[in-house]
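Here is the structure we will look at.
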Amino acid sequence: MPNEMMKHVIIFCSLVSILTACNRPMIENSRQLSQEVKDEFIRTWDAYKNHAWGHDVLLPISKSYKDWYDESLHISPIDAYSTMKVMGLHDRASEIERFVIDSVNWEKDLFVKTFEVNIRILGGLLAMYQYTADPLILQKTEDFGKRMLLAFNSPTGIPYYWFNLDTGETRGEKVNVAEAASYLMEMGILSYYTSNPVYYRAAKEASLAVWTRASEKNLVGEVIDVETGEWLNENSHICAGIDSYYEYLFKAWLLFQDPDLKKIWDTSIEAIQTYLADESDSTLWYRRVNMHSGEETSTVVTLYDAFFPAILALSGDLPRAGKNQNTWFGLWNKYGLEPMVYDYTTGEPNYPVYDLNPEIIESAYYLYHITGDEKYYHMGEKFWADIKKFCRTDIAFSSVEDVRTMEKRDYMPTFFFAETLKYLYLIFTESTGSFDLDNYVFNTEAHPFKKASFDPETLKQRLGIAY
Ligand code: DMJ
């Protein structure tokens with residue numbers, strides 16, 4: 001090799017080793033934290049198995065269990081499954097697969113909440129089928145989907161709040177917009193796997209039923225009557241109660257490339273930025289306004305709204321995503337955890353519970369992946385440190401009754417398995433490249449679906465999408 005070239009090679013190699021050496025503490029730190037999150041997941045899963053196996057939810061203080069309804073729907077294991085796959089806990093995941101195949105049956109005379117079972121049970125089972133390609137899992141999934149489809153039998157096409165798993169009866173004609181129209185992803189994926197467009201059609205009809213009732217300002221209200229289509233609450237916002245309606249317009253478009261969804265998203269996000277955004281030099285909140293006048297009705301937000309930076313980042317609006325995330329991080333730091341409901345004008349919590357929710361962590365993960373900015377990694381460190389400090393119990397983790405006193409609450413929601421621990425793990429393993437967010441779309445319960453497994457041409461036929 002000529003001398004000159006040799007010199008360049010040596011300089012290049014030295015630079016690489018300096019950079020690696022500089023990065024070593026960070027690599028070490030992320031290795032340690034991701035292992036810790038995984039160990040804590042295992043510890044918490046073991047607690048669920050010891051104290052709550054066969055039931056929906058672990059009660060982490062009384063070391064007992066609770067079911068959502070008169071009989072268990074096994075929501076914790078179904079929700080936990082995809083996190084096990086992401087963490088490489090394959091033996092534990094196989095146990096759940098076997099359990100679903102051998103022991104779960106949906107013929108239960110129970111009224112269940114359409115929205116909640118869609119994102120957790122249908123979403124979790126679809127992820128299980130994606131990982132296993134086992135036709136027996138698909139059978140259980142489709143059986144569940146067929147039962148859920150009956151909820152959509154309303155004059156507007158918007159599903160009823162409750163449906164009976166066994167009889168198909170429905171109840172509850174008042175639903176919020178998230179409950180009305182957050183089905184595109186799960187039902188689209190079910191249509192794809194079963195080659196039956198009926199599911200996607202129903203989900204899309206429900207979303208369109210909401211959208212066609214938007215105001216002249218292109219804003220939707222909060223609560224709608226599934227029988228008359230009348231708005232029962234005209235507050236417009238991105239908070240709990242509407243949140244995943246917007247999330248699914250964008251994410252279902254990403255996954256299925258249905259142009260109708262993109263048009264609705266584009267029009268909606270413009271209206272959101274025009275009427276809801278409340279920006280100062282250092283903060284960006286999204287307030288509540290009347291859907292017709294666009295006038296502010298309240299500055300009360302919910303910690304669920306912290307999903308929004310992730311969607312903004314995914315849709316390419318990094319400046320707003322970063323500012324909105326910093327605003328949420330400010331609230332987290334004010335207490336050490338976030339209150340569920342907070343008024344950013346008075347600076348007081350309206351409902352001080354922290355339920356081990358994932359949204360702010362989810363957004364930190366998206367922003368870290370998309371920008372590479374280490375400040376989002378450090379946010380992850382802070383979230384994890386505080387959750388350990390205030391929510392860890394001797395067997396698992398618990399919600400907190402009041403973020404001002406940090407008094408614990410005897411409950412651990414299933415999304416702690418599905419979402420919170422998964423997003424923390426993904427932040428801390430991001431530098432390893434073992435999971436590439438660019439290849440996936442997550443449902444609102446953090447069940448990841450691989451984009452490449454949906455062939456564009458097949459999608460059109462199986463979902464009945466007209467391009
Ligand atoms: C989850 O069940 C879902 O993300 C839902 O869309 C709203 N938020 C909870 C967790 O906070």
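Read the numbers this way: they start at 1 and go in the same order the structure lists the ligands and their atoms.
Against a heavy-atom cut-off of under 4.0 Å, I119 is close to the following atoms of ligand 1: 2 (O), 3 (C), 5 (C). Ligand-side atoms of ligand 1 in range of P358: 10 (C), 11 (O), range being under 4.0 angstrom from any heavy atom. Those atoms of ligand 1 that come under 4.0 Å of a heavy atom in Y304, given as number and element, are 7 (C), 8 (N), 11 (O). Near R120, with a cut-off below 4.0 Å to any heavy atom, the atoms of ligand 1 are 2 (O).
Centroid-to-centroid, the aromatic rings of Y192 and F454 come within less than 6.0 Å. The six-membered or imidazole ring of F442 lies near that of Y423, with a centre-to-centre distance under 6.0 Å. Checked against the 6.0 Å centroid criterion, the rings of Y200 and F256 qualify as a close aromatic pair. Taking the six-membered ring for Trp and the full ring otherwise, Y48 and W45 have centroids separated by under 6.0 Å.
Residue E116 places no N or O, backbone or side chain, under 3.5 Å from any N or O of ligand 1. Remark: ligand 1 and E419 share an N or O pair separated by less than 3.5 Å (distance only, no angle test). Looking at E359 next to ligand 1, an N or O pair under 3.5 Å apart turns up.
At the shortest separation from atom 2 (O) of ligand 1 among protein heavy atoms lies E445 OE1, 2.7 Å.
Not a single heavy atom of E247 sits under 4.0 Å from any atom of ligand 1.
Nearest-heavy-atom check against atom 3 (C) of ligand 1 across T444, T414, T302, L356 picks out T444.
Taking the ring axis of Y354 as reference, the NZ or CZ atom of R409 does not stay both within 45° of it and closer than 6.0 Å to the ring centre.
Residues Y161 and K113 form a side-chain contact, since some pair of their non-hydrogen atoms from C-beta on lies under 4.5 Å apart.
Ring geometry for F397 against F416 counts as tilted: the plane angle lies between 30° and 60°, on a 0 to 90° scale.
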